[in-house]
Amino acid sequence: MIWRLPMKYNPSAVEIKWQKIWEEKKLFKVETETNKEKFYCLEMFPYPSGKIHMGHVRNYAIGDVISRYKFMQGYNVLHPMGWDAFGLPAENAAIENSTHPAVWTKSNIDYMRAQLKKLGLSYDWDREIATCDPEYYKWEQKVFIEMFEKGLIYKKKSHLNWCDDCNTVLANEQVEDGACWRCGKEVRIKELDGWYLKITDYADELLEFTNKLDGWPSKVLTMQQNWIGKSYGAEINFRFSHNNESITVFTTRPDTLYGATFMSIAPEHPMAKALLKGTDNEKDGLEFIDSILKEDKVNRMADDKEKKGFNTGRCVINPVTGCQMPVFIANFVLMDYGTGAVMAVPAHDQRDFEFAKKYGCELKIVIMPKEEIKAEDLTEAYTGAGKLVASDQFTGMDNEPAKKAIIEFLDSNNIGKSTVNFRLRDWQISRQRYWGSPIPFIQCDCCGSVPVPFDQLPVRLPDVDFNPAMRGNPLDKVESFVNTTCPKCGKPARRETDTMDTFMESSWYFLRYTSPKCDTAPFNKEDAKYWMNVDQYIGGIEHAILHLLYSRFYTKVLRDLGYTDIDEPFNRLLTQGMVCKETYKCPEHGWLFPEEAKDGKCAKCGKDVLIGRVEKMSKSKKNVIDPNKLIETYGADTARLFILFASPPERELEWSDSGVEGSFRFLNRVFRLIDNNMELFKGALPAKTEDELTKELLFAMHSTIKKVTEDIERYQLNTAVAAMMEYVNSLYAAEAKMNDGNKALFRECLTTLMILIAPFTPHIAEELWEQTGQSGLISRTGWVKFDASMTQKDEITVAVQVNGKLRGQIDIPRDMSQDDVFSLALSNDNVSKYTDGTQIIKKIYVPNKLVNFVVK
RNA sequence: GCGAGUGUGGCGGAAUUGGUAGACGCGCUAGACUUAGGAUCUAGUGUCCUAGGCGUGGGGGUUCGAGUCCCUUCACUCGCACCA
């Protein structure tokens with residue numbers, strides 16, 4: 001802790017002063033009429049949870065450097081901020097505190113906006129949006145109806161987690177040990193209606209474009225590719241032996257069809273109960289289905305879950321072998337992948353193998369590897385490549401070409417066909433919750449689901465009194481909201497009370513920013529055309545799948561509805577790493593806040609504190625640093641600088657209090673350096689003369705500009721900061737040697753320093769700019785350019801190696817001829833020690849860098 | 001299990017194209033200034049038996065030359081996970 005603040009640099013006064021000036025001058029308000037090239041820099045907007053945390057600070061500090069840098073480079077920069085304002089926490093807080101979610105949300109937004117302003121971020125606050133604003137969700141509702149009309153939305157029943165007491169659907173993560181997280185009631189699976197968006201219609205395009213998003217981290221693209229999960233295979237029909245019906249399976253291994261000895265279907269499969277009808281075991285079978293469906297989804301999908309099945313007593317006929325295959329209902333078969341039924345090939349699929357061992361099913365080898373295997377010797381399924389055996393006319397074929405051949409055979413006999421399957425499922429957007437955008441539909445007994453006419457949008461959330469006794473969806477109980485008339489037939493009808501998943505709002509907010517006040521459409525087409533795409537998007541890796549995939553999908557939908565021409569919203573994506581910190585634990589009091597663990601003793605009991613692992617900052621582990629306190633102590637500039645310097649943006653950042661102090665020290669050094677030389681900025685300076693120092697200063701200045709510029713371009717902000725620190729060190733060294741002839745140059749070096757630090761620590765830069773009497777604001781000053789010729793030294797030190805080992809260094813004039821370099825190198829005392837009496841068989845010269853003699 | 005990533009001093013991290021490993025910062029050591037120093041400044045700081053050797057998780061390879069490329073192995077992190 002600093003126990004005496006340095007004399008002149010007073011961050012809190014400086015920061016408040018400049019934040020006020022920027023705001024008054026509307027410095028970052030977007031220009032509308034301009035010839036400048038545009039740059040759209042966007043950070044993921046926050047959920048207004050109450051206050052900003054360090055993850056936000058890191059996200060926005062990175063975005064701010066990029067925006068301010070682009071701004072100084074002369075781009076017309078769009079750098080907006082807003083609020084992902086719908087969602088569960090607001091509603092839970094409302095119920096708990098008997099306040100309306102809108103009130104809670106608004107006060108959080110006001111508080112967090114003030115916090116962001118304290119960080120000195122260059123947002124155009126005139127474009128601020130909050131997604132709970134009816135002027136925002138109105139357009140979402142309109143687009144929703146248009147999607148419906150285009151066949152991209154449907155309603156379907158499916159099996160979901162349900163709590164009887166709360167009367168609502170629960171997400172998987174809201175089920176704890178099979179019970180409701182809020183009331184503790186046992187959760188059951190219920191078949192329920194929900195609204196779905198047909199994201200699967202876009203699966204192929206979403207997948208294909210992952211190959212074109214070269215500004216995205218490959219990690220995110222790989223995750224999305226896996227999520228979409230395209231696989232090629234076949235659909236094959238199997239006839240039942242007891243009636244004329246058939247059942248279809250999906251398989252990626254049609255080459256193993258001759259080895260299929262039984263079949264497994266999902267408990268939810270529509271045929272499951274029908275199959276049991278009339279069998280001896282009907283009652284047991286139905287009980288088995290119920291017992292599986294009763295389990296919550298998390299449990300059922302658990303890692304080490306034992307495979308369980310029930311033999312229905314029915315059989316299908318293998319279409320190529322004619323064999324009878326018993327049909328099992330099995331707990332591990334998923335209804336929402338493929339067809340919900342699989343042909344089981346126990347010799348060549350590990351799951352089927354385990355299942356067959358347990359229930360005594362036949363194993364039949366049809367793929368033979370080079371080293372022969374026998375069914376009775378198998379301890380696990382053989383899933384590798386090989387030649388087909390016991391497969392009629394396909395016997396002897398390699399299994400890969402056999403896949404195609406068997407599909408062709410099935411196709412020509414109307415038994416099956418080649419098909420593509422996706423892991424991606426349609427997007428279920430129904431939430432039985434209040435605090436979300438109402439789904440603009442009316443349920444009519446005669447007409448079904450009828451969209452609300454456009455002129456009646458938005459469907460606003462009705463006013464509700466919240467209190468702790470509330471259960472279920474508040475909307476269901478608002479008669480005036482629910483009871484309406486059918487827009488089609490005029491008869492009494494019920495309004496839809498499901499609201500939309502909040503990922504809907506975040507799927508298009510970046511488009512709304514381009515014309516946030518547009519009242520005739522979701523956004524103005526021309527404005528979107530000018531601003532899109534987002535040139536740089538920055539956010540957490542946790543959104544790699546959901547938000548980023550939904551946004552890509554929604555953008556394509558808007559394109560197909562005629563709203564835009566763009567295929568993809570985000571050109572470049574930067575996923576910043578987590579902010580982590582050491583954890584502290586007291587043997588008696590558990591997790592401790594950093595301030596409770598000072599000097600290694602628990603503040604409550606004095607016991608020794610256990611220092612735990614470095615983990616992501618979280619309230620539960622108490623390893624958090626409050627941005628407010630940080631800014632109070634050191635100022636926003638120090639907070640920003642430390643965060644940018646400590647780690648490259650994509651990687652984890654480990655919090656370090658002494659690192660923060662180091663950054664604070666650096667800003668003091670900058671302030672003092674310029675303050676010490678204030679007289680250089682007052683009046684005329686002597687004419688320039690050239691000496692050694694001139695060369696050094698020119699080199700330092702131009703190479704630092706080059707390094708900082710190039711590092712910002714490639715988003716290596718930590719090394720950009722390091723370069724500025726190095727520059728300041730060299731300026732201090734030069735200051736001691738300064739004479740009249742290079743005062744003017746030194747002044748130029750200082751001016752350059754202010755400009756270079758401006759995107760990183762804008763307040764101190766602005767203050768020094770003013771104190772040194774420069775005109776205008778530094779935030780509006782052009783970025784500095786470097787002269788490449790100045791970044792090269794005339795005298796260069798070249799490393800001399802003998803057999804790859806460093807033996808000496810020589811100073812040469814730049815671009816000396818190769819032969820001269822060799823002879824100079826050989827004349828070096830230490831080098832000649834290793835070359836004398838040997839035969840030089842090879843000489844290597846990397847110009848201006850390195851010499852290597854290979855000797856024998 | 002599948003996929004991706006990471007591994008460099010006491011610590012956070014540099015090394016952009018295969019070319020002097022350890023920039024910059026933290027910490028530490030010594031000194032200066034000082035009533036004092038947790039401020040500031042100066043010098044030093046990978047390691048060892050200090051000629052020189054050894055050093056980027058381990059082993060092997062390619063190369064005049066490898067933190068960087070290839071093979072192999074270990075450890076950790078993240079994502080997905082009965083996806084047929």
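Note: hydrogens, waters and symmetry copies are ignored here, and every other heavy atom, side chains too, is used. So you know, we letter chains A, B, ... as the sequences are listed, proteins then strands, and number each from 1.
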Taking A:Asp836 first and then A:Lys833, would you say they form a salt bridge - that is, a charged N and a carboxylate O separated by under 4.0 Å? no
SB check A:Glu710 A:Lys706 (cutoff 4.0 Å): yes
When you compare the protein's N or O atoms with those of nucleotides 59-68 of chain B, which come within less than 3.5 Å of each other, and at what distance?
unit_1: B:rC64; atom_1: O2'; unit_2: A:Asn852; atom_2: ND2; d: 3.4
unit_1: B:rC64; atom_1: O2; unit_2: A:Asn852; atom_2: ND2; d: 2.6

Which base, if any, makes a Watson-Crick or G-U wobble pair with [N], both distances under 3.5 Å?
{"N": "B:rA84", "result": "none"}
{"N": "B:rA4", "result": "B:rU77"}
{"N": "B:rC28", "result": "B:rG44"}
{"N": "B:rA51", "result": "none"}
{"N": "B:rG65", "result": "none"}

Round to a whole Å and report the spacing from [atom1] of [X] to [atom2] of [N].
{"X": "A:Asn226", "N": "B:rA4", "atom1": "CG", "atom2": "P", "answer": "9 Å"}
{"X": "A:Leu806", "N": "B:rU20", "atom1": "CG", "atom2": "C1'", "answer": "5 Å"}
{"X": "A:Leu221", "N": "B:rC78", "atom1": "CG", "atom2": "P", "answer": "21 Å"}
{"X": "A:Asn729", "N": "B:rC26", "atom1": "CG", "atom2": "P", "answer": "10 Å"}
{"X": "A:Leu424", "N": "B:rC80", "atom1": "CG", "atom2": "C1'", "answer": "14 Å"}
{"X": "A:Gln716", "N": "B:rA23", "atom1": "CD", "atom2": "C1'", "answer": "13 Å"}
{"X": "A:His348", "N": "B:rA84", "atom1": "NE2", "atom2": "P", "answer": "17 Å"}
{"X": "A:Tyr715", "N": "B:rA14", "atom1": "OH", "atom2": "C1'", "answer": "21 Å"}

Mind checking A:Thr252 for me? I need base, sugar-phosphate or nothing, with any heavy atom below 4.0 Å counting as a touch. sugar-phosphate
Would you call the rings of A:Phe328 and A:Phe262 parallel, tilted or perpendicular, where under 30° means parallel and over 60° means perpendicular? perpendicular
Between A:Phe355 and A:Tyr359, what is the ring plane arrangement, given parallel below 30°, perpendicular above 60°, and tilted in between? tilted
Heavy atoms from C-beta onward define the side chain here; which of [options] lies closest to that of [X]?
{"X": "A:Arg665", "options": "B:rA15, B:rC24, B:rG27", "value": "B:rG27"}
{"X": "A:Glu710", "options": "B:rU20, B:rC26, B:rU16", "value": "B:rU16"}
{"X": "A:Arg651", "options": "B:rC78, B:rG13, B:rC82", "value": "B:rG13"}

Given RNA chain B, 5'-ward residue of the pair A:Gly659 and A:Glu652, judged by closest heavy atom: A:Glu652
Answer with yes or no after comparing the ring centroid distance for A:Phe642 and A:Trp655 against a 6.0 Å cut-off, counting only values under it. yes
